[in-house]
2 protein chains.
Amino acid sequence: MKTNNPTQQAAVTTADKVFEQIQHAIVEGKIPSGSKISEPELAKRYQISRSTLREALNRLEKCHLIERKANVGSRVVQCSIEGLLELYITREALEGMACREAAKNMSDEEILHMQAMLKVHAQTQELKDGIAYYQEEGDLDFHYKVILGSHNKQLIELICGQLYHLIRMYRCQFGMNSPRASRAFDEHSRIIQAIADRDGELAEMLMRRHIAASRKNIENKIAEEITHKQQTNIQLIKS
Amino acid sequence: MKTNNPTQQAAVTTADKVFEQIQHAIVEGKIPSGSKISEPELAKRYQISRSTLREALNRLEKCHLIERKANVGSRVVQCSIEGLLELYITREALEGMACREAAKNMSDEEILHMQAMLKVHAQTQELKDGIAYYQEEGDLDFHYKVILGSHNKQLIELICGQLYHLIRMYRCQFGMNSPRASRAFDEHSRIIQAIADRDGELAEMLMRRHIAASRKNIENKIAEEITHKQQTNIQLIKS
DNA sequence: TTAAGTGTTATTGTCGACAATTTAGTGTCA
DNA sequence: TGACACTAAATTGTCGACAATAACACTTAA
């Protein structure tokens, strides 16, 4: 599984390695969202000193996976619907702009490479009818390439270095395996086309719509679940 | 001087205090941009242990003021024109969206409060002809209020918690004391109007133009300086 | 019964020392 | 002279112990 993003260099120090381990544990929910983190306990579990663990915790805080209060301690960030929607709003802003910049700054080779990638995705999608692989790897790959294509270090660092892990966390914990793979694929195609045409304005608009569509899709899903629960409750009351 | 932003809580631990001190030193250029940071030296200067200093360094890294390499050390971030322009691009994306969300989510009281604030700025501007105070405090205050008005924790954290200090650093080191105070004031007024009208789309557009205008202003200034230098060089050659 | 106060326990913050790695300098050989 | 290897110094990473702070349980008074 390709979980590491190309922006962060390989982990050399033990704090780095433990950071990655805990990161995965949090993303996958093995350390539950919202739970308190005990420094002595985690240090013992990973066989490291508390100083080293704290170094790892600092990096976790940097990518918004945990929150710290002075003299109180750390908690795994609490997943919530509001948090998810806020994250999407932020992505819409940042990735939209990244897409505009990509249309301006990507080299012709990069564009060709991305178009080739999309063709591979198309075939895989046809084969598997686009459920798991596409969303998990293909989608992330696509967004990655666009962001890196912006050639803007600030944007790259913010999205790939920080927000990326939070996004993955929500994907894991809310079980978001794309029900809109084929539509997303079309949207990706059009975005690349706009980038290839060097039409930054259109590229940004399309990317924003693409992400906004995802967000609305989730909002609807949530709304459905609520109505479903209410109906269940009504049935329970009636019975 | 009001340098702390309302988002981050008061410094309680000594690492926090040292963090703030070093932060100011970096922002004001007392620790030069691009210079290497010696842990033993800084620890001695601030009379703390290296562990505590490293804790402070971690926070500095979090707001992009220093960069660390494993087994090599930390450097103060290198100010550059490209970096500044990239920062503006990022601001345009984030603050634009924050402004859109502010139009949606700000309470009527908040809007009234912001309109009142602008009136104060107007008077101060008339008095002092809007040079120092306006740009340094007023402008930041305005942008702050808008960002906080978005009620989006993610956006607030990213802009106010992280990018803010970098912006201040560039402002200090590139000596950016607004030559466009009066124009900026008009732009602020129109943005608030759009927010009051709950017109998120317009509010975002105006904010983006506002920041883009700042960016272009800088680009021109840079271009001027380059031509000026070239002319000076030519004169030197001639003489 | 609730509220405030007090002492105990557990957790976090800070420290100094040691280990691992990088960097600088020196010397050797082609 | 330049390139390479090796040694020594300095810097960073890691550790365990102590100090300061917060959380908890218990007692006492209204």
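Every chain is numbered from 1 and lettered A, B, ... according to where its sequence line falls, protein lines coming before strand lines.
Checked against D:dT14, D:dT12, C:dG13, the side chain of B:Glu39 finds its nearest nucleotide in D:dT12. Ranking C:dT14, D:dT14, C:dC15 by closeness to the B:Thr14 side chain, first place goes to C:dT14. Here the nucleotide nearest the side chain of A:Thr52, chosen from D:dG13, D:dT14, D:dA22, is D:dT14.
We find that CD of A:Glu55 is positioned 14 Å from C1' of D:dC15, with the value rounded to whole Å. Atom pair A:Leu53:CG and C:dT12:P shows a separation of 10 Å (rounding to whole Å applied). Between A:Arg54 atom CZ and C:dC15 atom C1' the separation is 12 Å, expressed in whole Å. When rounded to the nearest whole Å, the span between CD of B:Glu41 and C1' of D:dA9 equals 17 Å. For the pair B:Lys36 NZ and C:dT22 C1', the computed distance is 10 Å after rounding to whole Å. One can place CD of B:Glu61 at 10 Å from P of D:dG13, the figure rounded to the nearest angstrom. What separates CD of B:Gln47 from P of C:dC15 is a distance of 10 Å, to the nearest Å. Atom CG of B:Asn58 and atom C1' of D:dG13 are 12 Å apart (whole Å).
A close approach under 4.0 Å does occur between a side-chain nitrogen or oxygen of A:Thr13 and OP1 or OP2 of D:dT14. Contact annotation: A:Arg68 does not reach the phosphate of C:dT11 (side-chain N/O to OP1 or OP2, under 4.0 Å).
The side-chain contact (heavy atoms from CB on, under 4.5 Å) with B:Val146 is formed by just one residue from the set B:Glu101, B:Glu95, B:Met207, B:Met106; it is B:Met207.
Backbone-only contact: B:Ile37 has heavy atoms under 4.0 Å from sugar-phosphate atoms and none from a base.
Between the side chains of A:Glu67 and A:Gln78, no donor-acceptor pair of N or O atoms lies under 3.5 Å. A donor atom on one side chain and an acceptor atom on the other are not found under 3.5 Å apart for A:His151 and B:Glu82.
The number of heavy atoms from other shown groups lying within 6.0 Å of NZ (A:Lys62) is above 12. Residue B:Lys36 qualifies as enclosed at atom NZ: its count of foreign heavy atoms under 6.0 Å is above 12.
Mapping A:Ser49 and A:Val72 onto DNA chain D by nearest heavy atom places A:Ser49 closer to the 5' end of the strand. Projected onto DNA chain D by closest heavy-atom contact, B:Gly73 and A:Arg50 fall at different nucleotides, the more 5' of which corresponds to B:Gly73.
Residue side chain A:Ser51 reaches the base of D:dG16 through a donor-acceptor N/O pair under 3.5 Å, judged by distance alone.
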